[in-house]
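Read through the structure below, which is laid out as structure tokens, and then see the notes.
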Amino acid sequence: MGRFLAVLASGCVGGRIGELGTGVGIGAAWIAGAMPADCELITVEINDDYAGVARELLAGDPRVQIITGDAFSVVSERGPFDLLFCDGGGGGADLVGLLRLGGRIVMDDVTPQLALPPGSPLLADDPKRRLFFGDPRLTSTEVVLPDLRNSLLVGTRTS
Ligand SMILES: C[S@@+](CC[C@H](N)C(=O)[O-])C[C@H]1O[C@@H](n2cnc3c(N)ncnc32)[C@H](O)[C@@H]1O
């Protein structure tokens, strides 16, 4: 997942990247380590202890802002974004509307359909897949990760 974020972040020349849910900063470190020098990362974490660990991890990188607060409230005032990694908070909000045209949205922690147990309600309706494949502004795909047990969703805003 980190390498996938790095691939996308590395193309954000002069861009702005947002992360909803910093955790302790692992995804942010992958993004910051790959993004061009003229790119900025705004990452938001609701838990101040976690945000503090992330601040230590990324201390000294002036391109990175780690903000404690509700992720959607913060990023909704900082767009448009070239890349949004949605990993905590923002459920039900118009995340696609925060992307510039051509911008990308990513979510992970998705279970591939073939790895779901029989009877899983996610076989019939998965809110994450509904967001990516139901929004006409997005061209999306699901990428199954090498362990075959996890996948991610990525979409590009085209309108
Ligand atoms: C899966 S972890 C994030 C991991 C991180 N993105 C990474 O790749 O290393 C999800 C995080 O989202 C945070 N979170 C949950 N709801 C949130 C909200 N409304 N606003 C900001 N952060 C939130 C949780 O506290 C948790 O640390």
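Every number for a ligand or one of its atoms is a count from 1 in the order of the listing. Every value quoted in this text rests on a predicted model; they were computed, and no experiment measured them. Along the sequence shown, residues are numbered consecutively beginning with 1.
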What part of [X], side chain, backbone, both or neither, has a heavy atom within less than 4.0 angstrom of ligand 1?
{"X": "Leu20", "result": "neither"}
{"X": "Phe85", "result": "side chain"}
{"X": "Glu19", "result": "side chain"}

Does Val44 form a side chain to side chain contact (heavy atoms under 4.5 Å, CB included) with Arg78? I'd like the steps, not just the answer. CA-CA 11 Å; Val44 191; Arg78 305 289 185 103; over 6 Å; no
Hey, are the side chains of [X] and [Y] touching, using non-hydrogen atoms and a 4.5 Å cut-off?
{"X": "Leu122", "Y": "Pro127", "result": "yes"}
{"X": "Phe85", "Y": "Met1", "result": "yes"}
{"X": "Glu45", "Y": "Val53", "result": "no"}

Donor-acceptor side-chain pairing of Arg104 and Thr156 below 3.5 angstrom: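 A pair is found: one side chain offers a donor N or O, the other an acceptor, under 3.5 Å apart.
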Report yes or no: do Thr68 and Arg55 form a side-chain donor-acceptor pair below 3.5 Å? yes
Determine, step by step, whether Asp126 and Gln113 satisfy the side chain to side chain contact (heavy atoms under 4.5 Å, CB included) criterion, reporting the C-alpha distance in whole Å, the side-chain angles of both residues, the deciding distance to 0.1 Å, and the verdict. CA-CA 10 Å; Asp126 179 340; Gln113 291 215 328; 6.0 Å; no
Interfacing atoms of ligand 1 (cut-off 4.0 Å, heavy-atom, [X]):
{"X": "Ile26", "value": "9 (O)"}
{"X": "Val44", "value": "21 (C), 22 (N)"}
{"X": "Tyr50", "value": "27 (O)"}
{"X": "Gly69", "value": "20 (N), 21 (C)"}

Considering only non-hydrogen protein atoms, determine which one is nearest to [atom] and report residue, atom name and distance to 0.1 Å.
{"atom": "atom 13 (C) of ligand 1", "result": "Glu45 OE1, 3.3 Å"}
{"atom": "atom 22 (N) of ligand 1", "result": "Ile46 N, 3.2 Å"}
{"atom": "atom 19 (N) of ligand 1", "result": "Asp70 OD1, 2.8 Å"}
{"atom": "atom 2 (S) of ligand 1", "result": "Asp87 O, 4.0 Å"}

Quick check for you: to the nearest 0.5 Å, what is the distance between Leu131 atom CG and Ser140 atom OG? 8.0 Å
Distance-only N or O hit between ligand 1 and Gly27, under 3.5 Å: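 Yes; the residue has a nitrogen or oxygen that sits under 3.5 Å from a nitrogen or oxygen of the ligand.
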Are any of the N/O atoms in Asp109 less than 3.5 Å from those in ligand 1?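 For ligand 1, there is no N or O atom that lies under 3.5 Å from one belonging to Asp109.
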With a 4.5 Å cut-off on side-chain heavy-atom distances among I, L, V, M, F, W and Y, is there a chain of contacts connecting Ile42 to Ile17? no
Relative to atom 20 (N) of ligand 1, which among Gly25, Gly88, Ala71, Gly89 owns the nearest non-hydrogen atom? Ala71
